[in-house]
Amino acid sequence: MSTRIAFLKGHGTENDFVIIPDPENVIDLPPAAVAALCDRRAGIGGDGLLHVVRSAAHLEARAMAAEAEWFMDYRNGDGSVAEMCGNGVRVFAHYLQRAGHVVEGDIAVATRGGVKTVHIAKEGDITVGMGKALLPEGDVTVSVGERSWPARNVNMGNPHAVAFVEDLDHAGDLYTAPPFSPASAYPDGVNVEFVVDRGLRHVALRVHERGSGETRSCGTGACAVAVATARRDGADPAVTGTPATYTVDVPGGRLVITERPDGEIEMTGPAVIVAEGEIDAGWLETATP
């Protein structure tokens, strides 16, 4: 490993990430190293880490290399591996454009949740094709303190439990994962969204992301919320034949989610790179138990 490791810091609606460019996949990033980098006091700080690797150079992505040159090897802030991160894909695409690897227009990005189509617009917003939502059967309940709510089980390549509440303060501090039942619904944990209405096809959320705690935004969570709200409102595009578009406010900004009649979901929002620099590899080794 080089004595210096390049990094960038970026965010999508304030869901922030450490970005490690590593095209040939030569940098060792065990969970403890990722957690050290994402530490907000002793590291760079971030909700997660975007490891930028060519698909052909990564064992988990080689099968997608013919479709997508670049693989988003995404890690949660605690170092655990995650299938997908919607805000992360936008920031990932913005980095690729900034680095000169891609230009405006449509690109493909490989993720553990499959290949995602991304459109980089001239005006700066980025639209991500998030795929289709799965709606597993079965009742789910989430709780905070003495309160409990029924939740809609939505899978966007990663699991979500969407609960409609009267007040976002009812979500509590979200430092720890809200309890859910039955445990069999989410054997690997779950992202929990608490949702209130703001207006016609306009909602707001707070979210606990597994492995990260409360975050300022969650792209897949915003998609899950839009799908759950559309079903609640009787606006299933597969039934009506009309796309359903929802504005979803998150603590860090605003996302626009559209579900088409074929089930495909698009998410549009901003992506920002705020800093770049170098990490001392010796520090990273010291910070890793």
Side-chain angles (χ1 to χ4, degrees), residues 1-53 57-61 71-92 95 111-113 157-160 173-179 186-192 206-221 250-252 271-289:
M1 184 184 292
S2 169
T3 58
R4 312 294 293 180
I5 301 171
F7 81 92
L8 298 90
K9 177 71 181 287
H11 75 88
T13 50
E14 298 184 12
N15 192 186
D16 62 335
F17 310 96
V18 179
I19 305 164
I20 303 294
D22 183 22
E24 303 311 316
N25 196 25
V26 297
I27 299 174
D28 185 26
L29 289 171
V34 173
L37 289 167
C38 292
D39 189 294
R40 295 193 181 279
R41 293 183 181 273
I44 296 168
D47 293 321
L49 182 143
L50 306 176
H51 185 206
V52 184
V53 185
H58 199 289
L59 183 61
E60 293 182 74
F71 173 54
M72 184 181 77
D73 175 18
Y74 181 68
R75 320 290 183 84
N76 293 314
D78 65 355
S80 59
V81 170
E83 301 91 339
M84 243 293 286
C85 175
N87 288 316
V89 174
R90 294 202 319 280
V91 175
F92 188 92
Y95 163 75
T111 75
R112 290 184 179 87
N158 57 356
H160 296 267
D173 59 34
L174 293 182
Y175 292 147
T176 58
Y186 305 108
D188 299 316
V190 64
N191 305 286
V192 182
R206 287 179 63 198
V207 57
H208 175 94
E209 289 195 63
R210 57 178 181 167
S212 298
E214 182 173 15
T215 59
R216 299 285 293 169
S217 181
C218 176
T220 56
V250 297
V272 181
I273 301 293
V274 298
E276 60 182 312
E278 293 182 327
I279 303 158
D280 186 304
W283 165 80
L284 189 58
E285 291 176 2
T286 301
T288 304

Taking the side chain as every heavy atom from C-beta outward, state whether Arg40 and Asp16 have any pair of such atoms under 4.5 Å apart. yes

Any Ile5 side-chain heavy atom under 4.5 Å of Glu278 side chain: no

Is Tyr74 close to Leu49 at the side-chain level, that is, under 4.5 Å between some pair of heavy atoms? no

Is the closest side-chain heavy-atom distance between Cys38 and Arg75 below 4.5 Å? no

Please name the pair of heavy atoms, one in Pro159 and one in Tyr186, separated by the smallest distance, quoted to 0.1 Å. CB-CD2, 3.7 Å

Nearest 0.5 Å, please: how far is CD in Glu24 from CD1 in Ile27? 11.0 Å

Exercise: identify the closest heavy-atom pair between Pro23 and Ala57: O-CB, 3.7 Å

Judged by atom type as modelled, is there a donor-acceptor pair below 3.5 Å linking the side chain of Tyr95 to the main-chain atoms of Lys9? no

Minimal non-hydrogen separation, Asn87 against Ser217, with atom names: ND2-OG, 2.8 Å

To the nearest 0.5 Å, what is the distance between CG on Asn191 and OG on Ser212? 8.5 Å

Supply the atom-to-atom distance Glu214 CD to Asp173 CG, rounded to the nearest 0.5 angstrom. 8.5 Å

May I ask you to decide if Val192's main-chain N or O and His208's side chain share a donor-acceptor pair within less than 3.5 Å? no

N/O donor-acceptor pair under 3.5 Å between Asn25 side chain and His58 backbone: no

Are Ile279 and Ile20 side-chain neighbours, meaning at least one heavy-atom pair lies under 4.5 Å? yes

Return the CE to SG distance between Met72 and Cys85, rounded to the nearest 0.5 Å. 6.0 Å

Under 3.5 Å, is there a donor-acceptor pair between the Thr215 and Asp47 side chains? no

Mind checking whether Val34 and His51 have side chains closer than 4.5 Å, heavy atoms only? no

Minimum heavy-atom separation for Glu83 and Gly157, please, with both atom names. CB-O, 3.1 Å

So, does Asp73 use its side chain to make a donor-acceptor pair with the main chain of Val52 at under 3.5 Å? no

Give the C-alpha distance, both sets of side-chain angles, the deciding distance and a yes or no for side chain to side chain contact (heavy atoms under 4.5 Å, CB included) between Leu37 and Leu29. CA-CA 10 Å; Leu37 289 167; Leu29 289 171; 4.2 Å; yes

To the nearest 0.5 Å, tell me how far Ile19 CD1 sits from Ile273 CD1. 3.5 Å

Please tell me if the side chains of Val250 and Val207 come closer than 4.5 Å, counting only heavy atoms from C-beta onward. no

Check: Arg210 side chain, Asp188 main-chain N or O, donor-acceptor pair, under 3.5 Å: yes

Might you point out which heavy atoms bring Ala6 and Pro21 nearest each other, and give the distance in Å? O-CD, 3.5 Å

Polar side-chain atom of Asn76 near backbone of Asp78 as donor-acceptor pair, under 3.5 Å: no

To check you understand the geometry: which heavy-atom pair defines the closest contact between Arg216 and Asn15, and what is its length? CB-N, 4.3 Å

For residues Phe71 and Arg112, determine if any side-chain heavy atom of one lies less than 4.5 Å from a side-chain heavy atom of the other. yes

